[in-house]
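Everything below concerns the one structure shown next.
Convention: sequence-line order gives letters A, B, ...; per-chain numbering from 1.
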Amino acid sequence: MAAAPKSNDVKTEARPLEAAAIAKDVLFTAILAFIILGPILGLKTFAISGSLALEQRWGLVAVFAAIAAAGRLAYHLLVWQKPQARPSKAASASFLPAISFGKYLVPVVLILAIALPFLPGVDRRVVDLAILILTYIMLGWGLNIVVGLAGLLDLGYVAFYAVGAYAYALLATIYLPAWFGDGIVPWAFFITLPIAGILAALWGVILGFPVLRLRGDYLAIVTLAFGEIVRVILINWSDFTGGPAGIGGIPRPSFFGLPFTDGEGGFAAFFGLDFKPIHRIIFLYYVILVLALLTNFVTMRLRRLPVGRAWEALREDEIACRSLGINTTSTKLTAFAIGAMFAGFAGSFFATRQGFVSPESFVFLESFIILAVVVLGGLGSQIGVVIAAIVIIGAFEVFRELNFLKAVMPAGFDPVQYRMLAVGAALVLIMRWKPRGFVTRREPSVVLKEKKAISTDLVAEGHG
Amino acid sequence: MAASGQDALLRVEHLSMRFGGLTAIGDLSFTAARNDITAIIGPNGAGKTTVFNCLTGFYKPTEGSVILTHEDGKQFLLERMDDFRISQQAKVARTFQNIRLFAGMTVLENLMVAQHNTLMRASGFTVTGIFNSPTYARANREAIEFSEHWLEKAGLVDRADDAAGELPYGDQRRLEIARAMCTKPVLLCLDEPAAGLNPRESEDLNGLLLNIRNEQKIAILLIEHDMSVVMGISDHIVVLDYGVKISDGSPAEIRSDPAVIRAYLGVEDEEEAEVVVERAVAAVAKKPAGKKVAAKKPPARKKGGRK
Amino acid sequence: MEYFLQQLINGITLGSIYGLIAIGYTMVYGIIGMINFAHGDVFMVGGFVSLIAIVALGVTGGSGFFPIILALVLVVFIAMIIASAYNWTIERVAYRPLRGSFRLAPLISAIGMSIVLQEFVRIAQDGRPKPLQPIVTGGYEIMSREAAQGEFIVRLSNMQIFIIITTLILMAVFTAVITRTSLGRAQRSCEQDMKMASLLGIDINRTISITFIMGAALAAVAGLMFFLYYGVTDFYVGFLAGIKAFTAAVLGGIGSIPGAMIGGLIIGLIEVFWSAYFSIEYKDVAAFAMLAAVLIFLPQGILGKPEIEKV
Ligand SMILES: Nc1ncnc2c1ncn2[C@@H]1O[C@H](COP(=O)(O)OP(=O)(O)OP(=O)(O)O)[C@@H](O)[C@H]1O
Ligand SMILES: [Mg+2]
């Protein structure tokens with residue numbers, strides 16, 4: 001159980017404890033775990049004839065308390081007794097050893113990504129998962145502009161994703177057909193994509209403007225509030241947004257006008273292929289791959305432009321920025337707007353892929369997962385986002401694969417139920433282990449003689 | 001020498017700044033001439049940094065006005081301008097008492113950020129720059145060259161690609177000055193540039209300052225506690241105590257002003273003050289330039305560039 | 001007028017609960033400068049533990065006055081102890097190792113903890129809302145008026161009296177602890193300057209742990225009252241209540257305990273009046289908008305002083 005204490009302050013010097021002290025500490029852990037788990041896990045309430053009754057599960061509590069104690073004991077024996085085995089501060093510098101390694105990594109990953117749908121053994125499920133991961137990579141890259149580069153902590157990023165998704169849903173189902181006739185529908189995605197991006201960027205500015213003066217946790221909590229406001233409005237403004245039920249029947253994407261249908265005029269017929277449903281999935285995969293790469297390309301370019309440098313400078317020291325004549329207001333707003341724009345693109349893609357949107361897809365948890373992708377990857381690191389998205393979304397997926405556990409565990413055990421719990425606990429633990437994320441190197445945006453990576457220990461985390 | 005009204009680059013008139021009940025500056029007036037080094041001195045908490053903050057727009061003064069006149073006759077009322085516009089349009093640059101570098105960016109990047117406005121224009125406010133338009137590519141090259149020029153002056157070329165936060169303290173001070181110069185200012189405000197430097201670093205700094213003074217046609221406002229530096233390089237000195245100007249004049253005039261010595265040494269008695277003045281004057285006169293006659297110990301070294 | 005009075009009573013009741021939660025936020029923010037995102041969920045855990053204790057003790061609305069009071073006191077104690085154990089552990093596991101490190105890490109860790117608590121309760125207690133028959137029943141009619149739709153009665157229920165009185169007592173005790181004891185002094189010195197406090201021999205870790213425990217104890221009481229007041233609880237109540245309470249803490253001036261209480265009352269009143277006079281659907285929008293407005297326009301809060309940033 002993650003709620004049980006696993007260790008003391010990691011930073012205090014490792015000191016071998018005496019056996020008696022260890023025993024006492026382990027006992028304390030067991031008792032604490034018992035207190036914490038006892039009532040909620042040990043006494044399950046259930047409704048019976050209009051009132052509540054309790055089911056006792058003390059065995060379960062004892063098992064978990066024993067696990068917590070055993071974990072604590074293992075920690076004492078394996079981690080604390082061997083101080084030399086613990087990585088020093090210097091050794092924790094980087095997940096990717098050096099930039100040169102990254103030089104080969106990037107093309108290899110890119111080629112793999114392009115070839116993925118045609119690799120042997122890749123079926124629809126894999127492509128679907130790849131689409132999901134790419135969506136989070138794109139969102140991560142978009143949010144990286146705001147959080148990683150400009151240092152503005154945004155906990156309501158999903159609002160812009162929602163704006164993009166609803167923009168596409170509404171335009172494609174209602175407005176475009178009404179204005180231009182049904183013939184436009186196959187093209188709706190490509191027409192709406194830029195509009196969705198612009199709308200989301202506009203929202204980025206609208207929501208960004210009032211929070212310009214805020215910093216740190218206050219900025220985080222206000223953006224969280226804005227994200228929730230957008231969601232509550234989506235739920236309650238039924239006439240426009242379809243309310244809690246959302247909007248269905250959103251047109252699927254076409255291959256530049258050729259629908260993915262069986263028979264005449266379809267994609268398969270046009271190219272003389274056998275009709276297969278997976279064609280559409282593969283097309284979607286390439287759409288999100290292109291969108292994500294576009295996001296990455298634009299971000300990399302922007303970093304080498306004055307705006308990008310101003311974002312990073314803003315993260316480092318806002319007052320120094322102002323003393324150098326940088327308009328911090330417009331710098332922050334462009335960060336919000338461009339970050340939001342990419343979320344808008346991703347939102348449109350989400351809508352066309354799902355075929356339906358509802359407020360449930362845009363909860364706070366979603367914002368948090370995107371932020372976790374960025375922070376876990378290492379703020380400002382593009383490759384870090386890729387790694388973190390694969391780790392987090394992959395972890396979610398792993399729980400679907402754990403069905404064999406149903407055989408060994410008691411009846412009614414469903415591993416998927418535990419995935420949020422596990423990911424939440426994993427985040428807590430990973431933050432202890434790598435508070436700055438996986439990639440802790442920053443690449444300079446301009447070089448005079450020799451490119452040297454900068455340890456992110458020097459990089460400020462921004463004010464806002 | 002005190003600038004005549006005509007030649008003044010900067011005119012500060014009846015400036016006051018109050019924080020709640022505390023009067024950090026009270027009715028301060030002085031001028032700074034083009035091409036002069038004007039020193040602002042005074043004991044701790046006298047309000048020197050607050051004057052800089054009022055000049056550069058970080059604080060809005062409670063009363064008074066600050067007028068900057070460019071060579072072409074263009075006037076700026078600094079107390080009414082946003083902080084970033086003061087740098088952008090009125091061309092006032094500054095450094096900070098507790099160094100504010102972009103610690104996680106390289107030395108070169110620090111200087112490139114300082115040329116933000118030039119580069120922004122060249123990049124068509126990002127629209128054309130994103131396609132790497134020839135105009136932007138050229139401007140970018142020129143900006144790198146200009147940065148290199150200042151890196152040479154500051155003796156930092158070899159460290160151009162290192163993170164600013166990794167530099168030793170003295171290098172950080174010089175980098176901050178170089179960064180300020182990269183905004184091409186007409187007025188450079190330096191807040192205790194020599195504070196916490198060892199003698200070697202101090203010498204390097206003096207070299208840079210003298211170079212700026214001799215080669216650039218700009219005015220410098222200098223806050224400094226090190227009297228040898230102040231007396232050695234400034235043309236004009238303003239002395240503050242408790243936010244009030246107690247003296248104003250050439251180094252020679254300041255040296256012989258009893259009010260100044262009294263403020264610095266906290267002597268109550270008039271007669272005693274005179275003795276102290278004489279001794280101090282003698283001391284200042286005897287010491288060769290370059291050695292320290294600090295009126296007070298420099299403040300403890302602060303961790304550079306980090307908050 | 002009568003309608004207004006009734007809303008006022010309801011608002012003060014709700015505001016008391018928010019105020020108690022807000023104290024936990026304000027103390028933790030004051031001392032380590034971070035939002036304990038999991039605090040709302042500790043409040044939720046407090047509510048659940050109370051529910052389980054009440055069911056286990058078998059108290060119902062018909063148990064009689066003294067047995068009910070006795071049972072409630074017992075339940076409050078159990079809830080306080082267990083919620084404190086939770087918050088203490090959270091601080092040890094998720095925050096202490098990250099103290100003084102990169103600022104975003106504790107935030108991610110805190111939200112991660114919040115998710116862990118919600119999911120733990122959801123899985124352990126099957127995720128359904130848990131209704132309970134009212135235990136504290138009855139009340140007083142303060143005023144009544146013949147209206148077109150029938151008689152409108154202004155009521156002050158015993159539950160509301162219980163909530164308001166408990167809150168007042170806890171407030172008094174806490175203010176005394178903070179202002180009179182060496183513990184309070186240690187807390188205030190850590191707020192001012194943690195390094196200096198530690199140099200002067202104050203045990204910082206202990207002081208912070210106690211702060212978390214105190215915040216959790218108050219949140220547990222709030223959890224019990226919230227649950228008794230609404231008669232139902234679920235694993236998700238902590239999120240919204242937590243955000244509203246945080247708003248209250250900021251509104252009152254972060255770090256100020258009376259401020260948290262005042263802020264709580266204001267937020268409670270706004271929520272109740274907004275629902276009564278405008279629209280229930282958008283009541284959370286009102287709370288969020290209020291939060292944004294407070295942080296943007298009054299970040300120093302009602303009892304705080306505006307500051308000019310030193311350069
Ligand atoms: N933002 C602020 N809020 C409140 N008081 C301030 C603020 N900034 C400065 N002060 C006060 O104004 C007075 C003057 O401060 P200032 O920093 O200008 O002194 P200084 O002459 O630069 O001293 P030093 O030699 O120590 O740098 C001090 O008493 C200081 O506490
Ligand atoms: Mg100063």
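- With a 4.5 angstrom heavy-atom cutoff, C/Ile78 does not touch chain A via any of its atoms.
- For C/Arg128, no part sits under 4.5 Å from any heavy atom of chain A, backbone or side chain.
- In this structure, chain C has a heavy atom under 4.5 Å from the side chain of A/Leu365, while its backbone stays farther away.
- Interface check for chain A: of the options C/Ile81, C/Ile254, C/Val55, the most heavy-atom pairs under 4.5 Å are formed by C/Val55.
- Between the side chain of A/Arg57 and the backbone N or O of C/Ala124, at least one donor-acceptor pair lies under 3.5 Å.
- At a 4.5 Å heavy-atom cutoff, the contact between A/Leu155 and chain C is made by side-chain atoms alone.
- Minimum heavy-atom separation, A/Ala225 to C/Leu291: CB-CD2, 3.7 Å.
- Both the backbone and the side chain of A/Tyr418 come within contact range of chain C, with heavy atoms under 4.5 Å apart.
- Rounding to the nearest 0.5 Å gives a distance of 8.0 Å between CZ of A/Phe368 and CG of C/Leu107.
- From C/Ile123, atom CD1 reaches atom CE of A/Met420 across 10.5 Å, with rounding to the nearest 0.5 Å.
- Looking at A/Tyr218, both its backbone and its side chain come within 4.5 Å of chain C, counting heavy atoms on both sides.
- Minimum heavy-atom separation, A/Ala425 to C/Val116: N-CG2, 3.3 Å.
- In summary, the aromatic rings of C/Phe239 and A/Phe364 are positioned with their centroids under 6.0 Å apart.
- Here CZ of C/Phe288 is found 9.5 Å from CD1 of A/Ile221. Values are rounded to the nearest 0.5 Å.
- The residue among C/Ile54, C/Ile82, C/Ile111 with the most heavy atom pairs within less than 4.5 Å of chain A is C/Ile111.
- Listed for the C/Gln118 side chain is no donor-acceptor partner under 3.5 Å among the backbone atoms of A/Leu421.
- Contacts between A/Leu224 and chain C at a heavy-atom distance below 4.5 Å involve the side chain alone, from C-beta outward.
- Among all heavy-atom pairs drawn from C/Leu98 and A/Pro435, the shortest one is CD2-CB, 4.1 Å.
- Annotation: A/Trp237, atom CH2; neighbour count of heavy atoms from other residues, nucleotides and ligands within 6.0 Å does not exceed 12.
- A distance-only check finds a donor-acceptor pair linking the side chain of A/Arg432 to the backbone of C/Val93 [under 3.5 Å].
- Chain C forms the most heavy-atom pairs under 4.5 Å with one residue out of A/Val375, A/Ile233, A/Val211, and that residue is A/Val375.
- Interface summary for chain C: among A/Ile35, A/Leu60, A/Val428, A/Leu427, the most heavy-atom pairs under 4.5 angstrom belong to A/Val428.
- The side-chain heavy atoms of A/Val423 and C/Ile115, taken from C-beta on, include no pair separated by under 4.5 Å.
- Between the side chain of C/Arg122 and the backbone N or O of A/Gln417, at least one donor-acceptor pair lies under 3.5 Å.
- For A/Ile40 against C/Ile52, the heavy-atom pair with the smallest separation is CA-CD1, 4.0 Å.
- Contact tally against chain C (heavy-atom pairs below 4.5 Å) for A/Leu43, A/Val232, A/Leu376, A/Thr223: the top residue is A/Leu43.
- Contact record, C/Ala85 with A/Ile36: O-CD1, 3.9 Å, taken as the closest heavy-atom pair.
- The line from CG of A/Leu32 to CH2 of C/Trp88 is 6.0 Å long, rounded to the nearest 0.5 Å.
- Only the side chain of C/Ile243 has a heavy atom closer than 4.5 Å to any heavy atom of chain A.
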